[in-house]
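Working notes, beginning with the structure itself.
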Protein chains: 2
Amino acid sequence: MENFKTYIHSLTEFSDESWKLLQPALSEQVFKKNEFLLKEGTVCNALFYIEKGYCRSFYEMEGEEKNIAFFFENEIATNIESFGSGEKSAYNIVACEPLCVFSLDKKMLYRASQQAPEIETLGRKCIRRFATKQESFSNLLKIYSAKNRLHYLETNYPEMLQRVPLYQLASFLGVARETLSRIRKKNQAV
Amino acid sequence: MENFKTYIHSLTEFSDESWKLLQPALSEQVFKKNEFLLKEGTVCNALFYIEKGYCRSFYEMEGEEKNIAFFFENEIATNIESFGSGEKSAYNIVACEPLCVFSLDKKMLYRASQQAPEIETLGRKCIRRFATKQESFSNLLKIYSAKNRLHYLETNYPEMLQRVPLYQLASFLGVARETLSRIRKKNQAV
DNA sequence: ACAGGCGCGTGATAATTGTCACAAAATTAA
DNA sequence: TTAATTTTGTGACAATTATCACGCGCCTGT
C-alpha cells in the first residue's frame with residue numbers, strides 16, 4: 001500500500017482527506033499466473049495499480065496472441081478505451097507472474113472524484129501518464145527498425161528484456177520469434 | 001466556434017457558466033501550410049482543437065521525416081507528454097493545409113479548471129480520447145501486416161488516405177514509399 | 001526419476017520489403 | 001502557359017524477414 005501512496009504523491013498533491021475518500025474505490029486483488037484481469041468482450045471497470053508482478057495485454061487473432069503492452073510494478077494497467085467509453089474490450093489482460101494489484105473501481109472512483117477535486121486530478125494524471133507511455137511505444141514502432149527497437153528496449157526498459165520471454169516480446173515488437181532470436185545473437189557479438 | 005462547442009458537449013456535460021470561464025484559455029489561431037504548431041525542442045503549452053485543415057506530427061531522424069500521427073477536423077492535436085510534463089517536445093507538429101485551430105492554453109486551462117470542475121473533467125476526457133486514438137494506432141502497427149494496415153485505414157479512416165500524400169503515409173505505416181505504392185496497386189487489382 | 005511441455009536457437013528456403021535509379025504524372029509557382 | 005517542384009510509379013537487385021522443421025536444454029508436476 002505504501003508504494004501506491006508514493007506513486008500517487010509522485011503524480012499530484014494528495015491530502016489525507018482525499019486518501020480517505022479514495023478508500024471505497026480501492027481494493028487489493030491477487031491473480032495467479034495466467035489469470036485474466038480483463039477478458040476480451042467484457043468491459044474494463046478498473047484501473048489496476050501493479051504492486052508486485054507483471055501482466056500483459058494481447059489480442060487473439062487467428063489463434064495467435066499479439067502482445068500489445070506489458071505492465072510492471074508501479075504502473076497502471078487498464079484498457080483506456082473500454083474504461084473510458086464503457087464499451088467492450090477488444091483484447092485481454094493477463095497476469096504473467098503471480099500478481100498483486102490495487103484495483104480502482106470506476107464507479108466508485110467517479111463518486112470519489114466528485115467529492116474531492118484532487119481525486120479528479122489524480123485520475124487525469126494517471127490517464128496522462130498511461131497515454132504518454134502508450135505514445136512512446138507507438139512511436140517506437142514507427143521510427144525504428146526491428147533491430148533498433150530491441151536496442152531501445154535494452155537501454156530504456158532493460159527490465160522488460162529480463163522478465164518477458166522472447167517469444168512474447170517478438171509479437172510486441174512486430175517481428176517473428178526467430179527473427180528476434182537472431183537479432184539478439186548478432187547484438188551479443190557486438 | 002460552434003463545432004468546438006459541439007465537440008465539448010459530445011465529451012461531457014458543460015454549462016454556459018463553464019463555457020464563460022473557459023474563454024480566457026481559448027484563442028483562435030491560423031497557420032499557413034507548413035507552418036509549425038510545435039517545434040522539436042520547445043515545450044507544448046496548448047491543446048489544439050482543429051477547426052479546419054489538418055496537421056501532422058513527425059520526428060526528424062537522420063534527415064528523414066518520420067510521421068507519427070495525423071490530426072483532422074474535430075480532433076485535438078498536441079504532444080501529450082510535453083504538455084503534461086512541461087518537458088521539451090521530441091517532435092514537431094506542422095500544418096499540412098491552411099489550418100484553423102482553437103488553442104487551449106495550458107496555464108489558463110489549469111486556472112479555469114480550478115474554478116469549474118466541469119473544465120477539469122473536460123480536460124481529462126480530452127486526454128482520454130487522445131490516448132484512445134493513440135492506442136488504437138499503436139496497436140494497428142503491432143497486430144497487422146503492412147498490407148492489412150492500409151486496409152484498416154481504408155475502412156476506418158478513408159479520409160486519411162484521400163488527404164494525406166502517399167509518401168507521408170508510408171512512414172506513418174512504417175514502410176517504404178515504394179512498398180506502399182506497390183501494395184496499393186495490388187489492392188486495386190483485387 | 002522421468003515424461004511432457006515450454007522457451008529458445010538454428011538451418012534452409014520462400015516471401016516480403018528496402019534501396020537506388022529514373023521517369024511519368026500531378027501540382028504549384030512564375 | 002510554361003517551368004519548376006512535388007508526388008507517384010516501376011524495374012532491378014540487395015537485404016531483411018517470415019515460415020517451416022527440427023533439436024536441445026530446462027522446468028514442472030506426478
Side-chain angles (χ1 to χ4, degrees), chain A residues 32-35 53-54 56 58 60-67 70 94-98 140-154 159-190, chain B residues 32-35 53-56 58 60-67 70 94-99 140-154 159-190:
Chain A
K32 293 176 198 161
K33 186 175 173 177
N34 294 325
E35 227 180 324
Y54 80 98
R56 71 190 165 97
F58 67 95
E60 202 150 349
M61 302 191 68
E62 295 146 29
E64 283 199 357
E65 292 184 354
K66 307 268 191 175
N67 294 309
F70 299 95
V94 70
C96 298
E97 295 178 354
L140 168 67
L141 288 168
K142 277 172 208 150
I143 65 182
Y144 294 124
S145 67
K147 197 180 307 179
N148 290 336
R149 280 174 216 163
L150 186 67
H151 186 251
Y152 179 88
L153 289 189
E154 274 168 355
E159 175 182 46
M160 203 144 137
L161 295 187
Q162 287 160 15
R163 292 174 81 178
V164 177
L166 181 141
Y167 78 99
Q168 284 184 6
L169 257 187
S171 81
F172 175 71
L173 291 176
V175 296
R177 180 185 66 78
E178 296 92 335
T179 303
L180 191 56
S181 173
R182 284 170 185 134
I183 290 173
R184 175 191 271 183
K185 193 187 168 192
K186 268 192 208 166
N187 284 7
Q188 282 172 351
V190 181
Chain B
K32 292 176 198 161
K33 186 175 174 179
N34 296 325
E35 228 181 323
Y54 80 98
C55 57
R56 72 190 163 98
F58 67 94
E60 201 150 349
M61 301 189 68
E62 296 148 28
E64 283 200 355
E65 293 184 354
K66 306 269 191 174
N67 294 309
F70 299 95
V94 70
C96 298
E97 294 178 353
L99 190 70
L140 168 67
L141 288 168
K142 278 172 207 151
I143 64 183
Y144 293 124
S145 67
K147 199 179 306 181
N148 290 337
R149 281 174 216 163
L150 186 66
H151 186 251
Y152 180 88
L153 290 189
E154 274 168 356
E159 176 181 45
M160 202 142 135
L161 295 187
Q162 287 159 16
R163 293 175 79 179
V164 177
L166 181 142
Y167 78 100
Q168 284 184 6
L169 256 188
S171 80
F172 176 71
L173 291 176
V175 296
R177 179 184 66 80
E178 296 90 335
T179 304
L180 191 56
S181 173
R182 284 171 185 131
I183 289 172
R184 175 191 271 183
K185 192 187 168 191
K186 266 193 210 165
N187 283 7
Q188 283 174 349
V190 181

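Hydrogens, waters and symmetry mates play no part in the numbers below; they use all other heavy atoms, side chains included. Proteins come first, then strands; the chains are lettered A, B, ... in the order of their sequence lines, and each starts at number 1.
Because its NZ or CZ atom is both nearer than 6.0 Å to the ring centre of Phe58(B) and within 45° of the ring axis, Arg56(B) counts as a cation-pi partner of that residue.
The distance from the CG atom of Leu99(B) to the NZ atom of Lys32(B) is 13.5 Å, given to the nearest 0.5 Å. Summarising the geometry, atom CG belonging to Leu169(A) is positioned 7.5 Å from atom CZ belonging to Arg184(A); distances are rounded to the nearest 0.5 Å. Rounded to the nearest 0.5 Å, atoms CZ (Phe172(B)) and CD (Glu65(B)) are 15.0 Å apart. To the nearest 0.5 Å, atom CZ of residue Arg182(A) and atom CZ of residue Arg177(A) are 9.0 Å apart. Remark: Leu166(A) CG to Leu150(A) CG distance equals 8.5 Å, nearest 0.5 Å. Distance check, rounded to the nearest 0.5 Å: CG of Leu173(A) to OH of Tyr152(A) gives 12.0 Å.
Applying the salt bridge (Lys or Arg N to Asp or Glu O under 4.0 Å) rule to Glu60(B) yields no partners; only residues at least two apart in sequence or on another chain are considered.
Arg184(A) places its CZ atom 7 Å from the P atom of dC8(C), with the value rounded to the nearest Å. The CZ atom of Arg149(A) sits 14 Å away from the P atom of dT16(D) (whole-angstrom rounding).
Residues from residues 161-173 of chain A with heavy atoms under 4.0 angstrom of DNA chain C, sorted by number: Pro165(A), Leu166(A), Tyr167(A).
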field: Where protein sits on nucleotides 11-30 of chain C, one letter per nucleotide: B base, S sugar-phosphate only, - none, heavy atoms under 4.0 Å
entry: BB----SBBBB---------
